[in-house]
Structures are given as C-alpha cells and as structure tokens.
There are 2 protein chains.
Amino acid sequence: MSTIGEIARRAGVSRSTVSYVLSGNRPVAEETRRRIQAVIDETGYRPNASARALREGRTHTLGLVIPPAGDRLTGMQLDFVAAVVEAAARADLDVLLSPSGGDHERSFTRVVDGRRVDGVILMEVRLDDDRVTRLQRSDLPFVTIGRTAQPDGTAWVDADYENLVARCVDHLADLGHRHVALVNRSAERVAAGYGPARRALAGFTAAIAGRGLTGVDVCCGDDPAAGEACVEQLLAGAPEVTAIVTVNEAALPGMRRALDAAGLVVPRDFSVTGVAARQPAEDFRPPLTSAGVPVEEMGTQAVALLRERIARPAAPPGHRLYRPPISLRSSTGPAPRRVS
Amino acid sequence: MSTIGEIARRAGVSRSTVSYVLSGNRPVAEETRRRIQAVIDETGYRPNASARALREGRTHTLGLVIPPAGDRLTGMQLDFVAAVVEAAARADLDVLLSPSGGDHERSFTRVVDGRRVDGVILMEVRLDDDRVTRLQRSDLPFVTIGRTAQPDGTAWVDADYENLVARCVDHLADLGHRHVALVNRSAERVAAGYGPARRALAGFTAAIAGRGLTGVDVCCGDDPAAGEACVEQLLAGAPEVTAIVTVNEAALPGMRRALDAAGLVVPRDFSVTGVAARQPAEDFRPPLTSAGVPVEEMGTQAVALLRERIARPAAPPGHRLYRPPISLRSSTGPAPRRVS
DNA sequence: TTGTAAGCGTTATCAT
DNA sequence: ATGATAACGCTTACAA
C-alpha cells in the first residue's frame, strides 16, 4: 500500500517533487528525477485514483449506460459497447458500465449524481427519454447513441434509419416489387418510442407512398425464433408480398428459415434487404444486400464528441448522422412474376 | 455542485450530523433528521464518490477484465458481461470495464494498481495467464471465469469442459457412432492455452480412447463462415465421420449450412452435439442436443465469490465447477448405416 | 531547484 | 444529541 509520501521518504525528497516527476508540471533536476523514478519502478507505485480524482475534480472515467440484461443485448449493441470501450482505452479513459431501466435506477443515479464519471454515453435512447432529461439537469456532459425527438442542444450520433429504410424501399421498387413488407423491431420497442423502430416505420411509410406501392409493416422480437414466426405469418397473411425490408438483424436467421420452409428461393422468388451490421449481413444466405450501420465508427465518434464536450462544456454540442451506402450483395433481385 | 458542507450550512447543523443521517451510524434526533433530509431531497445531494472512496478505502466498484474487441466477443462472453453487471448492480456495485491484451496494457494497470476497484473479475483466462500472476502479486481480490492450470489458491468459476465433452462423446457412442469429430475453438486459442479449448480436447481424446472410437479434432474460428469451411473440409477429408461434438457455438450456423450443402439431414444422416449456451442451441435446426453452460448463474456466482473475497481476504478462496446436464433435443440420433 | 502547506469532500474519533 | 477536527492521498500555489 504505497503512497506518494512513502516514495518521497524513500527517495529523500518532498511529496511535491515526486508529484512533479509524475506529472512533469515543473522541471526536476535530472539526478533527483532519476532517483525518484528508480524508487517508483522498484515499488511499482501508482497514484491512488480516488485521491487524484478528488483533488483534480476529474475521474478520467466515462459512464456507459446500457440497456438492462433483461432484453438480451443484440449483436449491434454489443459492438457499440466494444467500440466505446476501445476508443476510451485509446484515450486512457476507463469505462464504468451502468445498466439502466428495469430496477436499476440506483445504478444510474450513482453514476450520474455521484460524480463518478466525467461524462456519460447513453445507449438505446427513446424519442422521449427521461434519462436524457435527468442528464440535462445534472450538468454532466453526455452524448447519446441514437437521438431523441428534439435532439437540438444535445450531442449525439445516430444512423439515419428513416432515410436508410426509404432507400431500401426505393431499391426494391426499382427492381419492380409492388408489395413490400417491413419487419421492424419488437412491438414493445415501437410502443416505447424507440427511435430506430419509429423512424424506420416513418421512412417505410413515406417511401411506400412516394413510390405508389402497397406496404405492410410488422413488429418482430429480437431473436431468430420471433423472426421465423413473423415471416411465417406474413407469408400466410399477405401472400402478395414479394420483398422484405428489415431493421431486425437478430431475427434474420429465423426469417431465412421461414422462407426456406415456404420453398422460396432468395432472391429468385423473394427479396430481402434492410439495415444490419456487417457480420449478420454477411452471414445471411445469400449475403444480405443492406445498409451497414458503421457501429465502430459511431462508437469512436461518440467518445470523441464526449471528450470535446468535457473539454469545452460551453461550446455547442456536436452531432453526427450516419447515412451509409447500401451494399449490394445477393439477396435482392427483380420481382418474380406471380399470379396475383 | 453541492457538498456535504453545503447541506450542513443550509440545515444549520454540522457536517458530521449530515453524514450520520446519511449513514445511520449514530442516532440523530427525529426533528433534525427530518430537517436535514428535506434539504437533501430538495437539492438532490449525493455524496462525492471519490471523496468517499478516499476516506473509506473502498470504491464500491468491481473491475471486469474483458478480451479486447479485436477478437469480436462471442455471444457467451457477452452473456457473462451482462450477468456480472446485473449481479453487481443488485449488490449496489458498479462495474469498471477493462479491455486487456492487445495494446491495452495501460488499462489493466490503471485498474489493478490504481486502487480504482475493490476487486477484479477476469474473463477468458488461459491455462498459464500472466494477468493472474500480476493480480496475485497485487493483493487485490480477484475471481477468474475459467481457471488456470494450477487453480488452487485462487477463486474461480468454470464449466467442466473436459467432462462435458466426454459425456457428449459417450452419448454418441451409445447411439452407435464409431467415428466422431471434435470442432474446437480457433487454432490461436488452442495455441494460447485457452482453458476450455485445451480441456475440451483432453476430454475428447480420453473419451474417444475410452470408448474405442476413432476421433478427429479440428480447430475452427469463432464465426459462421469458419464453421462452414471447417465442416466442408471435415466431410471431404474424413467421410467416415457420422457425428460432431462442438464447443464452438459461434460457428454453429455455418456448420449447419455445410451439412445442408452436403445433403445431410440431421439427425437422420448425421448427429451434432456439444457445449453451447441455451440460445444458440435452441436456434440450431433441429434444436441442438447440448450441455448448456449456465452463464447467468456463473456470472452471479463470480460476483458472490468476489464479494466474499473482498469481505474476508484471509479466508480460503472459493470456487465452483459447473457440470450441467446434457439437454436432449433433436440433433442427435442413431448412427446411420453407411458403406464404409 | 526544492520544500511547505492548503484544500479537494468524506467519515470517524474525540469532545461537549 | 450534536459539533469540531483529523485524516484519507493527492496536486498546486506560494515560499525559500
């Protein structure tokens, strides 16, 4: 349990000199510097982070608010966490995880009100999100991944689901499809006002109307089994549909199985496209024509925006809306001729 | 930026009285208590966590050392993280994430040597793991998920891959299979001495010998594409094989595709079993007969063991080896008759 | 070039 | 029942 005083004693100097060797905030005679450094190396001394945080008013830690484990994290959410942690580590920042929602109110409160972190990254924000309101009141810098209905004045990164889904519909319309379905996220998320789900629906509806198509939209749980059930029902209830746009990557494997079971060959008999991270898109058979959300880039950017906000709280908050290109793979093709 | 002194001033009492209202460590007159509590509620005051940590010598934070994002986390790793975070939150503990390996040495050092946490949970330990050595030297309580070659004297939770794989082999042998393959984790992991991969292989080899079967073992990357390639090669190179045991849940979807492509119907023509979390097992078609690693339970238990270790560092470290039952689903059946 | 001392916000040990 | 005060380990004016 070595402290800076201990090091100072062993090196025969005062505590401040040791501190200055550590921080480099004032010149120290080379001779003394070396002697002190030797003691530091020998004892493996590291400054106590709590003491430093108390003194400096900075913790060098970011809070990352994640959805509770109840709703199993999707691959994309996981990738966000990984990207944020990596980017933070590159900036010598640690990441404190806080599950929010469910019965984890206390965790959120601790992180936000206890000055445990210098700033917060909020994942999975809803259009109307009380956590954002609380953060705004707390004067703690924060960045959201996803954005609320009124994002002005807050820092955020988001993928433009509305545009992305609309372009998927356009792509299908160009291929001659007239009856298109949207496989959205879960009904709970849509009901909760979850941004991507709501905006996907808005983009879908507008694009369908704009192109004079007929559309049907369905909600679907975030897992393969739900995807399978969902597409089964869809094929039974709306047999005129020849293509699906989906924003539910976790359901993809099950959707594939339902198509299989119906004897539909993709893309000859049926087209599938949507928004998905690269990995699930490439794992689809045939590989999914899709807009790839640049998760890694977004996580990195979220950390950058937050650092900026911490450094200059008075500056206007930055934001970034991502509109990645649709990667043409092999899951979309011309509309099949069908007896209608 | 309210402090305890501020609250004391507003309530017309001393700082200590406010502190005692908060901690309940000594009786406070009901009347004063109420007045103080009113001020606290009104201002939304929370004690500064750094100051408290400095004073108490405890941070109420656990470190969770995860593999770097480079090797994309598998679903099971993600589930461990989620389980640990949940269990910690239930105990009013926060979780500090630290990616280790790769070029993130500094993060590990900060967490371990900077007294930023009360204890550490280490994921993905190898049979010979220098992070364990460093932790042992640091006198910081820690628990590993997975165990080293010499786990005595350390606290850990682990699944008994050796036994689990052996029992899978037994199950196949009982069904009449004579030629069985093990689809292991990646070659890199096996080479790095990653526990589950090494122990799976040991269990496989022993069981194969014990039952007088012939076995072939192959390494496979942790993704569907690798699984597909791996099983393709296996079927081509060892056509006598009628069943697979796998510990690579991430490769499962690809393995399934390769079997499909070869025109093999599971379980009629070919059996598949192994060790996997519940979700990927149930998402396999047909549902996978497998030993389900009790990830949630293990994460919870890891936190419990760590709390115990923090509370009583002198007590002998606890551990727990999980040997879950094999859930019979639909992916295994009698060995097919084949011209051999 | 280096040392002294104040203070960050808390809690616990003394007094009163 | 409550208040004053020291101490946790660190950084940074201010002195020397």
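Throughout, protein chains are lettered first and strands after them, A, B, ... in sequence-line order, and every chain is numbered starting at 1.
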Does B:Y20 offer a backbone N or O that forms a donor-acceptor pair with the side chain of B:N25 under 3.5 Å? no
Is the backbone N or O of A:A11 less than 3.5 Å from a side-chain atom of A:R35, with the two atoms forming a donor-acceptor pair by type? yes
Length of the [atom1]-[atom2] vector between [X] and [N], whole Å:
X	N	atom1	atom2	answer
A:R15	D:dA13	CZ	C1'	15 Å
A:E56	C:dC8	CD	C1'	11 Å
B:L22	C:dT11	CG	P	6 Å
B:I7	C:dG9	CD1	C1'	12 Å
B:R55	C:dT11	CZ	C1'	4 Å
B:Y20	D:dA4	OH	P	14 Å
B:R58	D:dG9	CZ	P	16 Å
B:H60	C:dT10	NE2	P	14 Å

Residue closer to the 5' end of DNA chain C, A:V13 versus B:R26 (nearest nucleotide): A:V13
Quick check: on DNA chain D, is the nucleotide nearest A:N25 upstream (toward 5') of the one nearest B:A51, or the reverse? Name the residue that is more 5'. B:A51
Residue pair [X] / [Y]: nearest heavy atoms and the distance that separates them:
X	Y	answer
A:S50	B:L54	CB-N, 4.0 Å
B:Y45	B:I7	CB-CD1, 3.6 Å
B:A277	B:M76	N-CE, 3.9 Å

What's A:T17 touching, base or sugar-phosphate or nothing? Going by heavy atoms closer than 4.0 Å. sugar-phosphate
Reckon A:G114 touches a base, only the sugar-phosphate, or nothing at all at heavy-atom distances under 4.0 Å? nothing
Within residues 31-50 of chain A: residues closer than 4.0 Å to DNA chain C (heavy atoms): A:T32
Taking B:D158 as the fixed residue, which of B:R147, B:R320, B:H319 is the one that meets the side chain to side chain donor-acceptor pair (under 3.5 Å) rule? B:R147
Report yes or no: do B:S98 and B:R110 form a side-chain donor-acceptor pair below 3.5 Å? no
Donor/acceptor link under 3.5 angstrom from B:S16 side chain onto base of D:dA4: yes
Whether B:T3 contacts C:dG9 is assessed here as follows: a side-chain N or O lying under 4.0 Å from the phosphate OP1 or OP2. Is that the case? no
Between D:dT11, C:dC8, D:dA1, which one does the side chain of A:I4 approach most closely? D:dT11
